[in-house]
Undergrad: 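Here it is, the structure in full.
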Amino acid sequence: MTQLQDAHLLVVGATGGLGSAIAHRLVKEGVRVSLSGRDEQKLSRLATDLGAAVVSTAAADLTVPGGPSAVAAALPQDVGIDGVVYAAGVVAFGSVAELDDETLDEVLLLNLVAPVRLMRELFPRLEPGSTVVHVSAVVAERPMKGMAAYSASKAALTNFSAAAHAELRRHKIRVLDVRPPHTETGLASHPVAGAAPRLGPGLDPDDVAARIVAAIASDETELPAAAFD
Ligand SMILES: NC(=O)c1ccc[n+]([C@@H]2O[C@H](COP(=O)([O-])OP(=O)(O)OC[C@H]3O[C@@H](n4cnc5c(N)ncnc54)[C@H](OP(=O)(O)O)[C@@H]3O)[C@@H](O)[C@H]2O)c1
């Protein structure tokens with residue numbers, strides 16, 4: 001359990017549909033936030049919206065090897081870190097036969113490798129009682145045809161989170177894997193490859209964010225897709 005009032009959490013992917021909803025929800029609960037995204041203009045607009053609750057911002061491309069360490073290094077040294085929410089990610093659609101190297105690299109680097117690198121960088125600075133949230137997805141439980149690389153990236157992140165949770169528990173650090181179903185953020189409308197199949201209506205990003213923030217403040221160690229019903 002992480003006490004939210006006056007805690008300081010880093011939100012990565014804060015410029016996205018889910019990340020920004022989570023950042024807003026955290027601030028509503030009294031959390032001070034550091035924000036990271038790729039798009040500097042979106043990041044600065046979000047920081048303006050959130051006002052005095054923002055501790056720092058860092059724009060970075062997380063698919064390059066130095067990206068995650070640059071985000072970690074941008075956090076002020078004199079402020080403790082009580083948690084991280086990793087909500088950056090991309091999706092790709094299309095058959096395995098059509099999957100090109102560039103797409104495969106981008107999906108795996110952003111959805112899997114970057115959160116692993118970021119955790120390694122931030123671990124020495126995480127306070128006891130911290131929570132690290134990894135936003136995986138329902139496809140980690142139910143992989144989908146036409147989304148093989150995305151499904152694999154999320155399943156691998158979920159497994160990494162479970163192993164890291166077992167390892168870091170003795171440091172009083174919790175790794176919380178969350179696996180939301182389809183959510184209306186617009187993610188599926190800007191894939192890095194292919195085009196989305198017909199998807200039914202998704203969840204409201206504010207509801208998903210509220211459920212994730214409630215889990216940070218509780219003792220839950222994972223939020224399977226069914227937890228969002
Ligand atoms: N929406 C869903 O249906 C759904 C369901 C389950 C899980 N998820 C997961 O939730 C997470 C957030 O997705 P979302 O729906 O909020 O999508 P989104 O609105 O497209 O947000 C994606 C975020 O990832 C960032 N990003 C993309 N490429 C990046 C890069 N190379 N380096 C650094 N940051 C990069 C974007 O930054 P900029 O905007 O600044 O470029 C943005 O902040 C993803 O991991 C996604 O897989 C989504």
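Only a predicted model underlies this, so the values are computations on that prediction, with no experimental measurement involved. Numbering of ligands and ligand atoms starts at 1, following listing order. All heavy atoms count here, side chains included; hydrogens, waters and symmetry mates do not.
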Undergrad: Please state which option from Gly202, Ala137, Pro181 has its nearest heavy atom closest to atom 5 (C) of ligand 1.
TA: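 Among Gly202, Ala137, Pro181, the closest heavy atom to atom 5 (C) of ligand 1 belongs to Pro181.
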Undergrad: Does an N or O from Leu62, backbone or side chain, lie closer than 3.5 Å to an N or O of ligand 1?
TA: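 Yes: some nitrogen or oxygen of Leu62 is under 3.5 Å from one in ligand 1.
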Undergrad: By number and element, which atoms of ligand 1 are closer than 4.0 Å to a non-hydrogen atom of Thr183?
TA: 1 (N), 2 (C), 3 (O)
Undergrad: Between Val54 and Val27, is there shared hydrophobic-cluster membership here, with clusters defined by ILVMFWY side-chain heavy atoms closer than 4.5 Å?
TA: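 Shared cluster, yes.
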Undergrad: Salt bridge or not for Glu40 and Arg45, using N-O below 4.0 Å?
TA: no
Undergrad: If you count the atoms of ligand 1 from 1 in the order shown, which ones are under 4.0 Å from a heavy atom of Asp39?
TA: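 In order of numbering, the contacting atoms are 38 (P), 40 (O).
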Undergrad: Tell me the nearest of Val12, Val91, Val11, Thr15 to atom 38 (P) of ligand 1, using heavy-atom distances.
TA: Thr15
Undergrad: Using heavy-atom distances only, which candidate in Gln41, Glu184, Lys42, Arg38 approaches atom 28 (N) of ligand 1 most closely?
TA: Arg38
Undergrad: Relative to the heavy atoms of Asp61, which atoms of ligand 1 are at a distance of less than 4.0 Å?
TA: 30 (C), 31 (N), 32 (N)
Undergrad: Apply side-chain contact (heavy atoms from CB on, under 4.5 Å) to residues Leu203 and Phe228 and explain how you reach the verdict.
TA: CA-CA 9 Å; Leu203 299 179; Phe228 294 90; 3.8 Å; yes
Undergrad: Report yes or no: does Asn111 have a heavy atom closer than 4.0 Å to ligand 1?
TA: no
Undergrad: Less than 4.0 angstrom from a charged side-chain N to a carboxylate O is my criterion; do Arg25 and Glu29 meet it?
TA: yes
Undergrad: Going by heavy-atom distance to atom 4 (C) of ligand 1, choose the closest among Val90, Leu187, Val192.
TA: Leu187
Undergrad: Should one rank Ala87, Ala196, Ala60, Gly89 by closest heavy-atom distance to atom 11 (C) of ligand 1, which comes out on top?
TA: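 It is Ala87 whose heavy atom sits nearest to atom 11 (C) of ligand 1.
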Undergrad: Counting from 1, what ligand 1 atoms have a heavy atom of Leu18 closer than 4.0 Å?
TA: 10 (O), 16 (O)
Undergrad: Return yes or no for this condition: an N or O of Leu110 is under 3.5 Å from an N or O of ligand 1.
TA: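 No, Leu110 has no N/O under 3.5 Å of an N/O on ligand 1.
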Undergrad: Would you say Gly13 and ligand 1 have an N/O pair spaced under 3.5 Å apart?
TA: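 Indeed, backbone or side chain, Gly13 has an N or O that close.
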Undergrad: Regarding Thr15 and Asp39, do their side chains bring together a donor and an acceptor under 3.5 Å, going by distance alone?
TA: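 No.
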Undergrad: Regarding His165 and Thr221, do their side chains bring together a donor and an acceptor under 3.5 Å, going by distance alone?
TA: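 His165 vs Thr221: no donor-acceptor pair found between side chains.
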Undergrad: Do Ser69 and Arg120 have side chains that approach each other closer than 4.5 Å (heavy atoms only, starting at C-beta)?
TA: no
Undergrad: Check the pair Lys172 / Glu127 against salt bridge (Lys or Arg N to Asp or Glu O under 4.0 Å), numbers first and verdict last.
TA: CA-CA 8 Å; Lys172 300 195 178 353; Glu127 300 286 346; over 6 Å; no
Undergrad: Could Glu141 and Lys154 be called an ion pair, given the rule that one side-chain N must be under 4.0 Å from one carboxylate O?
TA: no
Undergrad: Using a strict 4.0 Å cut-off to heavy atoms of His190, name the atoms of ligand 1 that fall inside it.
TA: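 By the 4.0 Å cutoff, the relevant atoms are 18 (P), 20 (O).
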Undergrad: Closer than 4.0 Å to some heavy atom of Tyr150 - which atoms of ligand 1 meet that?
TA: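 So the answer, numbered in order with elements, is 7 (C), 8 (N), 46 (C), 47 (O).
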Undergrad: Please walk me through it: do Asn111 and Val91 pass side-chain contact (heavy atoms from CB on, under 4.5 Å)?
TA: CA-CA 9 Å; Asn111 295 4; Val91 68; over 6 Å; no
Undergrad: Which atoms from ligand 1 have a heavy atom of Thr63 less than 4.0 Å away?
TA: 31 (N)
Undergrad: Side chains of Thr131 and Arg174: is there a donor and an acceptor less than 3.5 Å apart?
TA: yes
Undergrad: Does ligand 1 have any atom sitting under 4.0 Å from a heavy atom of Pro180?
TA: yes
Undergrad: Tell me yes or no: between the side chains of Ser44 and Gln41, is some donor less than 3.5 Å from an acceptor?
TA: no
Undergrad: Geometry only, no angles: is Glu106 polar-contacting ligand 1 at N/O separations under 3.5 Å?
TA: no
Undergrad: Can you find a non-hydrogen atom of Ser136 under 4.0 Å from ligand 1?
TA: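 Yes; Ser136 lies near enough to ligand 1 that a heavy-atom distance drops under 4.0 Å.
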